[in-house]
Amino acid sequence: MTCSNPRAWLAGCAVAASVVLLASCTSGSGDGKASKDLSSSAASGSQAVTEPSQKKLTEQAQAALTAVQSGKTVEAGAERVTDGIHTEPSLSEGRTYRLILVCVGNGNARLTFTPASTGTETEVPCDQSVVQRRITVHKPVRIDVDGTKGSTGVIAWRIAII
């Protein structure tokens, strides 16, 4: 590979980085299961296998979220369960909002608020169930949704004014 073709060079670097990341994710897993699954995905083209699956899960989660009627959207998104949701939305003090979550995949996630008085800590199953929580804002809020050990999939979420 020569430096005269920067796209080819960047593509080569991306492939090399993907291989290193996959190898680091599979080494030392302890049970051998994750290592075997990731290795077989890598052998068949990890991006070709992973991206459509994640895209499909994201579309399913967002479709389920869209089906729920709510007020005016303030903030929304979709994240991998393994990445979680970690946001400090700009919400007006004294107002009440509705947080709507849909997780599609396997396992569960845990929704928490800081300060805790903002809303109720809740388990979010990754079975396409819609979870709604009322948020009462008295001071700046942090919302965290973290997948439990071994959970996978996508979480779509929306905060709306009630």
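Atoms considered below: every heavy atom in the structure, side chains included; atoms not considered: hydrogens, waters and symmetry mates.
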Quick check: closest heavy atoms across Thr58 and Ala78, and the distance to 0.1 Å?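 Nearest heavy atoms, Thr58 then Ala78: CG2-CB, 4.0 Å.
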Under the criterion side-chain contact (heavy atoms from CB on, under 4.5 Å), I'd like the reasoning laid out for Ile135 against Thr96: C-alpha separation, chi angles, the key distance, then a yes or no. CA-CA 6 Å; Ile135 302 171; Thr96 302; over 6 Å; no
Would you check if the side chain of Ser151 reaches a backbone N or O of Asn108 as a donor-acceptor pair within less than 3.5 Å?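 A pair under 3.5 Å: yes.
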Rounded to the nearest 0.5 Å, how far apart are CZ of Arg98 and CZ of Arg134?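 Result: 6.5 Å between the selected atoms.
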Pairwise side-chain contact, Thr118 with Thr136, heavy-atom cut-off 4.5 Å (strictly under): no
Measure the NZ-OG distance between Lys139 and Ser117 for me, rounded to the nearest 0.5 Å. 6.5 Å
For Pro115 and Pro140, the nearest pair of non-hydrogen atoms, with its separation, is CD-O, 3.5 Å
Heavy-atom side-chain proximity of Val104 to Val102 below 4.5 angstrom: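 In short, these two side chains touch, coming nearer than 4.5 Å.
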Just how far is it from atom OG1 of Thr112 to atom CZ of Arg142, taken to the nearest 0.5 Å? 8.5 Å
Could you walk me through whether Cys126 and Asn106 pass the side-chain contact (heavy atoms from CB on, under 4.5 Å) test, one step at a time? CA-CA 5 Å; Cys126 293; Asn106 296 305; 5.7 Å; no
Following the transitive rule for hydrophobic clusters with a side-chain heavy-atom cut-off under 4.5 Å over Ile, Leu, Val, Met, Phe, Trp and Tyr, establish whether Ile162 and Leu101 coincide in one cluster. no
Mind listing the closest non-hydrogen atom pair of Ile155 and Ala109 along with its distance? CD1-CB, 4.0 Å
Are the side chains of Val68 and Gln132 in contact, using a 4.5 Å heavy-atom criterion? yes
Please step through side-chain contact (heavy atoms from CB on, under 4.5 Å) for the pair Thr73 and Ile159, ending with a clear verdict. CA-CA 6 Å; Thr73 299; Ile159 300 172; over 6 Å; no
Calculate, to the nearest 0.5 Å, the distance between atoms CG and CZ belonging to Asp144 and Phe113 respectively. 10.0 Å
Will you find, in the side chains of Arg133 and Thr122, an N or O donor that is under 3.5 Å from an N or O acceptor? yes
Value rounded to 0.5 Å, distance of OG1 in Thr87 from CH2 in Trp157: 4.5 Å
Carboxylate-amine/guanidinium contact Arg110 Glu121, below 4.0 Å: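 Glu121 and Arg110: salt-bridged.
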Do Val131 and Ile100 have side-chain heavy atoms sitting under 4.5 Å apart? no
What pair of heavy atoms forms the shortest contact from Arg158 to Leu65, and how long is it?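 That would be NH2-O, 3.2 Å.
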Determine whether Val137 and Ile161 fall in the same hydrophobic cluster, where Ile, Leu, Val, Met, Phe, Trp and Tyr are linked whenever their side-chain heavy atoms lie under 4.5 Å apart.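 Shared cluster, yes.
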Do Thr152 and Val81 touch side chain to side chain, with heavy atoms closer than 4.5 Å?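 No, side chains not in contact.
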Looking at side-chain heavy atoms only, is the closest gap between Val154 and Gln54 below 4.5 Å? yes
Polar side-chain atom of Ser129 near backbone of Pro125 as donor-acceptor pair, under 3.5 Å: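 No, because the side chain of Ser129 does not come within donor-acceptor range (under 3.5 Å) of the backbone of Pro125.
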Taking the side chain as C-beta and beyond, is there a heavy-atom pair between Ser92 and Tyr97 under 4.5 Å?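 Yes - at least one pair of side-chain heavy atoms lies under 4.5 Å apart.
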Spatial distance of atom CZ (Arg80) from atom CD1 (Ile85) [nearest 0.5 Å]: 13.0 Å
